[in-house]
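Along the sequence shown, residues are numbered consecutively beginning with 1.
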Amino acid sequence: MITVFGSINLDMVIRVADFPRPGETITTHGFDMSAGGKGANQALAVRRAGGTVRMVGLTGADSHAQLALALLEEAGVDLTRTRACKESTGLAFIQVEDSGENTIAIVKGANGEVTPQTADNTLGDLAKGDLLLLQQEIPFAAINHALDLAKKAGAKSVLNTAPFQDAYLPLANKADVVISNETEFDALMPGADPMEQRAKAFVAQKDRLLIVTLGAEGALVVEPGREPVQVPSPKLDKVVDTTGAGDTFCGYFCQMMADGADPVSATRKAVKAASLACCKNGAQPSIPLAADVA
């Protein structure tokens, strides 16, 4: 069983030729609303990869909640431990440039109400052989406690260090697997040495598996006691929207690991899935089905 403990949002997406400069007003190519939140995105990615997954998080008791959960429900994600609270459902305001790059501003809403008690109430049955996937879009204390619960239960924990926050740095010392993009890893392990050298040092110090995603260059896999392996990404004719690529990677990687794949094989599949996610608009709508990821 894979459990995702994290955020649930409704994404408000505008498409622009170029990001506006301070004080500038621009027109857009259009506007969409779609389900999002790093936790929910990753849960859907696990499910579309063929896994059994439950989503644990909070929404508001409002109309946005139904929209935010619609694709998860349709896909068969277990939502029995997703609760509503008095705060509004989390919102993300996303600008997507013609190049596919994006900027995101988040209103935490219900996601900010997730607590250690939430973890106690929903993760008490984690067991040996289970996998717990977390991100950094809910409060530190809740993630920290969830990692403790996973360790106590003998479950494997996977931490995606996005969105990066300095105060969350200690969490990478607890997770069994750390997944970071280049920018996040530079903050985790700063220094002038080449990234691969710093990645090896990180793994030697922490004694845990590290995956550094590299965008169009694929991903770097660093296992304790082994030399790093760079997994290339397929070449794309055109990048449409990178918003959900990292979450797609995390969900597919975890499902492959749950199926018994080694880290390099899991990364190969996850890199391909993430590249396909860049070819469509939206965080959740762009996540490919397992049948499309050969």
Side-chain angles (χ1 to χ4, degrees), residues 4-9 11 19 36-43 45 57 90-97 100-109 111-112 114 132-147 150 157-203 205-206 208-222 241-251 253-254 267 270-271 274 277-278 283:
V4 179
F5 185 60
S7 56
I8 301 166
N9 286 333
D11 291 348
F19 296 133
K38 297 197 73 61
N41 296 347
Q42 292 180 16
L91 299 173
F93 295 88
I94 304 171
Q95 295 181 99
V96 181
E97 199 179 48
E101 289 299 322
N102 62 72
T103 64
I104 304 174
I106 293 172
V107 178
K108 288 184 178 180
N111 296 314
V114 181
L132 179 65
L133 173 57
L134 309 109
Q135 320 75 35
Q136 298 186 163
E137 213 167 41
I138 57 175
F140 173 93
I143 304 169
N144 190 55
H145 190 55
L147 286 166
S157 58
V158 179
L159 175 69
N160 176 215
T161 59
F164 182 80
Q165 302 179 63
D166 286 334
Y168 287 46
L169 278 168
L171 297 175
N173 297 322
K174 286 190 169 186
D176 297 308
V177 182
V178 176
I179 301 176
S180 297
N181 66 25
E182 278 187 278
T183 302
E184 294 155 6
F185 179 70
D186 284 343
L188 282 175
M189 197 73 173
D193 292 331
M195 187 194 67
E196 186 171 311
Q197 189 173 331
R198 285 181 287 121
K200 289 173 67 174
F202 178 90
V203 170
Q205 290 174 17
K206 312 295 185 184
R208 66 204 66 239
L209 174 63
L210 170 69
I211 310 293
V212 183
T213 58
L214 306 172
E217 300 304 315
L220 185 71
V221 182
V222 192
D241 183 356
T242 61
T243 305
D247 295 332
T248 298
F249 180 96
C250 292
F253 178 86
C254 287
T267 299
V271 162
C278 294

Exercise. Check step by step if side-chain contact (heavy atoms from CB on, under 4.5 Å) holds for F93 and T103.
Key: CA-CA 8 Å; F93 295 88; T103 64; over 6 Å; no
Beyond-backbone contact of P139 with K108, side-chain heavy atoms, under 4.5 angstrom
no
- [ ] Any chance you could lay out the side-chain contact (heavy atoms from CB on, under 4.5 Å) test for V203 and L209, step after step, and finish with the verdict?
- [x] CA-CA 7 Å; V203 170; L209 174 63; over 6 Å; no
Here the pair of heavy atoms bringing V178 nearest to A172 is CG2-O, 3.8 Å
To the nearest 0.5 Å, atom CD of E184 lies from atom CD of Q165 at 10.5 Å
| request: Report yes or no: does N9 contribute a side-chain atom to a donor-acceptor pair with the main-chain N or O of D11 at less than 3.5 Å? | output: no
Between the CG atom in D247 and the CD atom in E137, the distance rounded to the nearest 0.5 Å is 8.0 Å
Quiz prompt | Beyond-backbone contact of T267 with F249, side-chain heavy atoms, under 4.5 angstrom | solution = yes
Heavy-atom nearest pair, N111 first then S7, reads OD1-CA, 3.3 Å
Task: Verdict with supporting geometry, T248 and N41, side-chain contact (heavy atoms from CB on, under 4.5 Å) - done: CA-CA 7 Å; T248 298; N41 296 347; over 6 Å; no
Smallest heavy-atom separation, S180 atom then F185 atom, equals CB-N, 3.9 Å
OG1 of T161 to CG of N181, rounded to nearest 0.5 Å, is 6.5 Å
Correct closest heavy-atom pair for A142 and V114 would be CB-O, 3.7 Å
* Is there a donor-acceptor contact under 3.5 Å from the side chain of T213 to the main chain of A219? -> no
R198/D193 salt bridge by N-O under 4.0 Å criterion:
no
- prompt: If only atom types and distance count, is the side chain of E97 paired as donor or acceptor with the main-chain N or O of F19 below 3.5 Å?
  reply: yes
Note, E217 side chain near E182 side chain (heavy atom, < 4.5 Å) = no
L132 and A150 have their tightest heavy-atom pair at CD2-CB, 3.9 Å
Result for side chain to side chain donor-acceptor pair (under 3.5 Å) between N160 and one of Q135, Q42, Q136 points to Q42
When every non-hydrogen atom of G6 is compared with those of I138, the smallest separation belongs to C-CG2, 3.7 Å
* To do: Measure from the side-chain N and O atoms of Y168 to the backbone N and O of F140, and report whether any donor-acceptor pair falls under 3.5 Å.
  => yes
- Query: Side chains of I211 and F253: does their closest heavy-atom pair fall under 4.5 Å?
  - Reply: yes
Rounding to 0.5 Å, atoms NZ (K174) and NE2 (H145) come to a distance of 9.5 Å
